[in-house]
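Here is the structure we will look at, set down as C-alpha cells.
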Amino acid sequence: MKYIYTATFIPNEDGTKFYCRVPDLPGCVTTGNSIENAIEMITDAASGWLVVAEDEGNNIPPATPQCSLDIPGDATCSIICIDTIAYRAATDTKAVRKNVSLPAWMAALAEKRGVNCSQVLQDGLMQMLNASHSR
C-alpha cells in the first residue's frame, strides 16, 4: 500500500540533530543528523510502523491536513511517501518454499532448457501483483 503523511522536524539547540515525528502515527519518532538523514530515518520508521499495523490488522489513521496539525513554531514540515510493498521487498528477503504442480512435459522441457522455475514464478507474480522489487 502507498501512504502519504506529514512529518515534522525540530532541530536541537545547536542544529546538529533533528527530532522527527509523524503526528498521525502515535509513537512514530526518531532522530537524524541532518534534515536529509532525518527524512530518511522518519520514512523508514513510518514504513515499519505501517507494516506492523497492516500485519496486525490495526486501523491505519488517515493523514491529517497540515493546517489541522499542532506544529511547533520551530518545526519544519515535509510530506513523506511510504510504500509498504516496496519496504517489505527491501527488508523481508527470506525465502519461503512453495510447492507448485507442473505438467511433466513442461517440467522436463524447463529443466532441459535450464529454466529457473522459481525465478519465473517470482517474476510472473511480481508482474501480476504490480509490485516492484529490488535485486
Side-chain angles (χ1 to χ4, degrees):
M1 293 287 300
K2 293 185 180 183
Y3 303 92
I4 297 175
Y5 286 100
T6 296
T8 61
F9 305 89
I10 301 173
N12 67 354
E13 296 79 30
D14 60 4
T16 58
K17 287 197 181 284
F18 291 86
Y19 169 78
C20 27
R21 71 185 187 102
V22 177
D24 292 316
L25 306 179
C28 186
V29 296
T30 190
T31 60
N33 296 326
S34 66
I35 196 69
E36 294 83 10
N37 175 251
I39 291 170
E40 182 180 325
M41 297 295 290
I42 197 62
T43 301
D44 187 62
S47 297
W49 194 103
L50 289 163
V51 163
V52 170
E54 288 176 354
D55 289 350
E56 294 181 355
N58 296 338
N59 289 330
I60 308 267
T64 302
Q66 282 185 0
C67 62
S68 300
L69 291 171
D70 183 22
I71 300 170
D74 58 346
T76 300
C77 293
S78 178
I79 300 295
I80 58 170
C81 301
I82 297 112
D83 182 341
T84 56
I85 294 172
Y87 183 80
R88 288 173 191 277
T91 60
D92 187 5
T93 57
K94 71 178 180 205
V96 177
R97 185 163 185 80
K98 291 288 184 184
N99 294 326
V100 297
S101 297
L102 301 173
W105 67 267
M106 189 181 290
L109 186 58
E111 187 173 334
K112 182 178 180 181
R113 293 190 181 174
V115 173
N116 180 336
C117 291
S118 178
Q119 189 62 57
V120 170
L121 177 60
Q122 288 179 49
D123 292 344
L125 284 171
M126 291 302 288
Q127 185 176 358
M128 178 183 251
L129 299 170
N130 292 322
S132 62
H133 64 296
S134 55
R135 287 191 192 179

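Just so it is clear, the values below take in all heavy atoms, side chains as well, and ignore hydrogens, waters and symmetry mates.
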> Under the side-chain hydrogen bond (donor to acceptor under 3.5 Å, both in side chains) rule, what pairs show up with a residue in residues 48-57, not counting sequence neighbours?
Replying inline: Tyr3-Glu54, Glu54-Thr84, Glu54-Arg88, Asp55-Arg88, Glu56-Asn58

>> Looking at every heavy atom in both Ile42 and Cys28, which two are closest together, and how far apart are they?
In response: CD1-O, 3.8 Å

> Can you find a pair of side-chain heavy atoms, one from Cys117 and one from Leu102, that are under 4.5 Å apart?
Replying inline: yes

> So if you build clusters from Ile, Leu, Val, Met, Phe, Trp, Tyr with side-chain heavy-atom gaps below 4.5 Å, do Ile35 and Tyr5 land together?
Replying inline: yes

> Rounded to the nearest 0.5 Å, how far apart are CD of Glu40 and OG1 of Thr43?
Replying inline: 8.0 Å

> CG/Asn37 to OG1/Thr31 distance, rounded to the nearest 0.5 angstrom?
Replying inline: 8.0 Å

> Considering residues at least two apart in sequence or located in another chain, which fulfil the side chain to side chain contact (heavy atoms under 4.5 Å, CB included) criterion with Arg97?
Replying inline: Asn99

> Does some side-chain heavy atom of Met1 sit less than 4.5 Å from a side-chain heavy atom of Ile85?
Replying inline: no

>> For a quick test of reading the model, state the closest non-hydrogen atom pair linking Val29 to Arg21 and the distance between them.
In response: CG1-CB, 3.5 Å

Without placing hydrogens or testing angles, list every side-chain donor-acceptor pair under 3.5 Å for residues 68-79, not counting sequence neighbours.
none

> Rounded to the nearest 0.5 Å, how far does OG1 of Thr6 lie from CD of Gln66?
Replying inline: 3.5 Å

> Between Ile4 and Val22, is there a shared hydrophobic cluster once you connect ILVMFWY residues whose side-chain heavy atoms come closer than 4.5 Å?
Replying inline: no

>> Which heavy atom of Gly15 sits nearest to which heavy atom of Phe18, and what is that distance?
In response: O-CE1, 4.2 Å

> Of all heavy-atom pairs between Phe9 and Cys20, which one has the smallest distance, and what is that distance?
Replying inline: CD2-CB, 3.4 Å

>> Is it the case that atom CG in Asn59 sees more than 12 heavy atoms from other parts of the structure closer than 6.0 Å?
In response: no

>> Within the structure provided, determine whether Tyr87 and Ile82 are in side-chain contact (heavy-atom separation under 4.5 Å).
In response: no

>> Is it the case that the side chains of Gln127 and Asp123 hold a donor-acceptor pair, with the cut-off being a distance below 3.5 Å and no angle test?
In response: no

> Can any side-chain N or O of Asp24 pair as donor or acceptor with the backbone N or O of Thr64 at less than 3.5 Å?
Replying inline: yes

